Amino acid sequence: IAQTTMSCIHQAMQKKQNREFSSDTYHLTSSGHMSWYGFACSIIDLARGESRIKLNSDNIRAIATQEYPTPARRPSNSRLLLNKLESDYHFVMPDWTKGLQLCIEELYES
């Protein structure tokens, strides 16, 4: 995130000098998408693959948004789109699974 942000700022400054800059809102996240259930299962499965935990994802149960009690109203689809960032700043963000793999590896290196 920091490297991409820094590169975007650098490119935006160049665009501003060339009078090509326009301010806008961009989403910055990994590419791909996953439900919270799928994300939790992936965490357990990757950590288990590192032979560090004895859990398995069979114990995780998917629930619908309506089943999770919260005072805030939640959208049925809250995915962030990267196409504006990709087209304006020529970035292709890595898939979320790569970031998760790096996190799991880093946790178990210490």
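Computed from a predicted structure; not experimentally measured. No hydrogens, no waters, no symmetry mates; every other heavy atom, side chains included, goes into these values.
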What's the separation between atom CD1 in I9 and atom CE in M13, rounded to the nearest 0.5 Å? 8.5 Å

Donor-acceptor pair, H27 side chain versus L81 backbone, under 3.5 Å? yes

Any side-chain heavy atom of Y68 within less than 4.5 Å of one from W36? no

Does a side-chain heavy-atom distance below 4.5 Å link Q101 with L46? yes

Check: S57 side chain, C41 main-chain N or O, donor-acceptor pair, under 3.5 Å: no

Would a hydrophobic clustering, with Ile, Leu, Val, Met, Phe, Trp and Tyr connected at side-chain separations under 4.5 Å, put L80 with F39? no

Side-chain donor/acceptor of N77 to backbone N/O of R79, under 3.5 Å: yes

Once you round to the nearest 0.5 Å, how far does CG of D88 lie from CG of D24? 7.5 Å

Tell me, yes or no, whether the heavy-atom count around I1 atom CD1, taken from other residues, nucleotides or ligands under 6.0 Å, exceeds 12. no

Just how far is it from atom OG1 of T5 to atom OH of Y89, taken to the nearest 0.5 Å? 11.0 Å

May I ask you to check whether over 12 heavy atoms, not counting those of K15, lie within 6.0 Å of atom NZ? yes

When you check the gap from the basic side-chain N to the acidic O, do R48 and D45 get nearer than 4.0 Å? yes

Do E86 and H90 come within less than 4.5 Å of each other through their side chains, counting heavy atoms only? no

Cluster overlap W96 with I104, hydrophobic side-chain contacts below 4.5 Å: yes

Under a 4.5 Å cut-off applied to non-hydrogen side-chain atoms, are L28 and M93 in contact? yes

Has S7 got a side-chain atom pairing as donor or acceptor with Q3's backbone, closer than 3.5 angstrom? no

Do K16 and Q11 have side-chain heavy atoms sitting under 4.5 Å apart? no

Residues, nucleotides or ligands: over 12 heavy atoms within 6.0 Å of E20 CD: yes

What pair of heavy atoms forms the shortest contact from C8 to F91, and how long is it? SG-CE1, 3.5 Å

If you take all heavy atoms of L100 and S42, which pair is closest and at what distance? CD2-CB, 3.8 Å

Is L107 close to E105 at the side-chain level, that is, under 4.5 Å between some pair of heavy atoms? no

Any donor-acceptor pair under 3.5 Å from S31 side chain to P94 backbone: yes

